[in-house]
Novice: 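Let me begin by handing over the structure; questions about it come next.
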Protein chains: 2
Amino acid sequence: MPPSPRTRPPLHRVTVLDAAVELADAEGIEAVSMRRLAERLGVVPMALYKHVSDKEDLLDGMIDRVIAQFQPGDPSADPSADPSAWPDAVRRVLLSTREVVQRHPWARRVIETRTHRTPAVLAYMEAVTQLFLGGGLSPDLTHHVMHVLGNRIWGFSPELFNDPGGRPASDRPRTSGQPVPSDFPGILAIAADASARRPGATGCDEEFEFRFALDLLLDGIARLHASEWASPPL
Amino acid sequence: MPPSPRTRPPLHRVTVLDAAVELADAEGIEAVSMRRLAERLGVVPMALYKHVSDKEDLLDGMIDRVIAQFQPGDPSADPSADPSAWPDAVRRVLLSTREVVQRHPWARRVIETRTHRTPAVLAYMEAVTQLFLGGGLSPDLTHHVMHVLGNRIWGFSPELFNDPGGRPASDRPRTSGQPVPSDFPGILAIAADASARRPGATGCDEEFEFRFALDLLLDGIARLHASEWASPPL
DNA sequence: ACCTGAACACCGTTCAAGT
DNA sequence: ACCTGAACACCGTTCAAGT
């Protein structure tokens with residue numbers, strides 16, 4: 001039986017979000033309905049709407065809770081101390097990311113449908129961006145690298161990269177809305193570089209990014225093939 | 001007004017699937033419900049169930065119709081004639097794939113949720129596999145390459161690669177069910193090689209594949225960084 | 001063989017009302 | 001401030017019935 005309203009502590013946003021994450025872990029994302037979630041919390045469905053504005057907001061929040069578990073890299077290691085250390089640092093970050101995503105198998109698919117840049121998403125992107133910039137990569141190369149990793153590894157949707165500057169954006173698509181806050185210097189540096197490079201362009205050139213990722217892969221594969229490939233190589 | 005049952009030609013599976021694709025293109029995948037689709041076809045919702053067994057089957061069929069548009073490569077070019085031509089051939093295939101996926105923006109996300117290996121999916125994978133094998137890549141390297149491309153480029157789910165052999169598979173996950181038909185020699189060669197290499201293993205080592213993809217990317221990025229990177233390089 | 005009608009068990013979300 | 005009840009407009013799917 002559900003706990004009586006008198007004994008149950010009042011709901012908070014995190015309580016709701018974490019219960020939703022638990023439910024998705026246990027029974028899959030398609031089991032996460034407002035009604036089932038409310039039932040699990042011993043509450044009537046409408047009670048949830050005090051803590052999330054609608055189901056989109058619930059999903060945004062669930063993803064935030066997952067991304068909050070990502071290790072944004074070892075903060076004790078100063079990347080500029082040893083610029084050549086960035087590949088290992090990136091590898092560590094992404095392998096720990098993968099562990100989190102494996103614990104929440106529904107997360108990647110949900111991340112792919114999000115077009116909002118929540119603070120948690122921005123903070124994570126900023127941390128990874130700093131690894132590359134700190135390693136001496138140019139803002140331009142870092143930008144492309146974030147696209148390759150974002151799309152192919154995390155599942156970030158391309159819209160997430162659109163128009164991070166604070167420009168007019170009157171007829172922007174349904175993406176996000178709010179500009180990048182100023183405490184994400186790496187992301188801002190990349191955005192500034194991109195708009196300096198292609199002045200008229202808002203957002204990114206998806207065609208170019210796709211070809212970049214593809215050629216990067218094919219080039220690597222060709223080299224593996226040319227050398228005497230024998231598994232496992234890594 | 002909907003056409004009268006007398007004047008409307010009888011529905012066929014393709015008619016239903018193509019109408020669903022059109023609807024998804026026009027109003028997004030979330031607009032594709034059995035009821036809205038039926039309405040668009042001038043028919044009562046239940047009439048659709050003669051042509052698709054349920055909504056999963058509808059989505060499978062829609063993806064089949066999209067994948068059927070993929071160009072499986074230029075069949076007039078014999079890959080073994082010029083083994084070094086495979087990177088260009090792959091590039092052409094994937095760029096044409098991308099054009100199709102761009103025309104159906106909902107497709108990538110739906111593909112990611114499919115775990116069935118429909119004949120169209122198999123035929124496409126077979127064609128790409130043959131490009132690599134024909135270029136002289138080992139079955140093992142081809143296998144890894146298909147994982148990298150499948151996951152990161154097409155959105156194929158990892159389950160799609162599981163256990164393609166015709167082994168017992170009594171307690172296989174909910175994936176697929178039917179073994180690979182024998183007219184996909186490239187896929188079978190890869191599967192045979194994989195199970196010879198890791199005898200006990202059923203399916204693939206996701207951890208290993210992930211590290212493979214990641215290291216391939218990081219290695220490529222490091223080299224771009226080391227050389228004097230200046231965009232556009234491609 | 002193909003389609004229909006009524007029904008069931010679900011959804012997300014509104015509004016006005018309760019404490 | 002937080003939760004509830006009743007209601008609305010949707011879902012996918014069943015079954016038995018129609019032509």
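Naming convention: chains lettered A, B, ... in sequence-line order (proteins, then strands); numbering from 1 in each chain.
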Novice: From CD of B:E27 over to P of D:dC10, roughly how many Å is that when rounded to an integer?
Specialist: 13 Å
Novice: Can you check the B:E39 CD to D:dG12 C1' distance for me, whole Å?
Specialist: 16 Å
Novice: For the atom pair CD (A:E99) and CD (B:E207), what is the distance rounded to the nearest 0.5 Å?
Specialist: 8.0 Å
Novice: Roughly, in whole Å, what's the span from CZ in B:R35 to P in C:dC10?
Specialist: 15 Å
Novice: For B:M46, which contact category applies under a 4.0 Å heavy-atom criterion: base, sugar-phosphate, or nothing?
Specialist: base
Novice: Return the nucleotide paired to D:dT19: Watson-Crick means purine N1 to pyrimidine N3 with N6-O4 or O6-N4, wobble means G-U with N1-O2 and O6-N3, both under 3.5 Å.
Specialist: C:dA1
Novice: In this structure, how many angstroms lie between the P atom of D:dA1 and the CG atom of A:L48, rounded?
Specialist: 19 Å
Novice: Would you mind reading off the distance between A:M34 atom CE and C:dT13 atom P, rounded to a whole angstrom?
Specialist: 6 Å
Novice: Between D:dT13, C:dT4, C:dG12, spot the one nearest the side chain of B:P45, thanks.
Specialist: D:dT13
Novice: Does one side chain, of A:D60 or A:T118, offer a donor that lies under 3.5 Å from an acceptor on the other?
Specialist: no
Novice: For B:K55 and D:dT14, give me the distance from atom NZ to atom P, rounded to whole Å.
Specialist: 15 Å
Novice: With a cut-off of less than 4.0 Å, is there a side-chain N or O of B:H12 near OP1 or OP2 of C:dC2?
Specialist: no
Novice: Take the protein atom CG of B:L58 and the nucleotide atom P of D:dC11, then report the distance between them rounded to whole Å.
Specialist: 14 Å
Novice: Quick one: which of D:dC11, D:dT4, C:dC3 gets closest to the side chain of A:V44?
Specialist: D:dT4
Novice: To the nearest 0.5 Å, what is the distance between CD1 (B:I29) and OG1 (A:T113)?
Specialist: 13.0 Å
Novice: Do B:L41 and B:L48 come within less than 4.5 Å of each other through their side chains, counting heavy atoms only?
Specialist: yes
Novice: Quick one: which of D:dG5, C:dC3, C:dT13 gets closest to the side chain of B:L11?
Specialist: C:dC3
Novice: Which whole-number value in Å describes the distance from B:Y49 OH to C:dC8 P?
Specialist: 17 Å
Novice: Could you pick out which residue, A:S53 or B:H51, lies toward the 5' side of DNA chain C when each is mapped onto its nearest nucleotide?
Specialist: B:H51
Novice: Under a 3.5 Å cut-off for both contacts, is D:dG12 paired Watson-Crick or G-U wobble with anything, and if yes, with which nucleotide?
Specialist: C:dC8
Novice: Side chains of A:F208 and A:H144: does their closest heavy-atom pair fall under 4.5 Å?
Specialist: yes
Novice: Looking only at side-chain N and O atoms, does B:K50 come under 4.0 Å of OP1 or OP2 in C:dC3?
Specialist: no
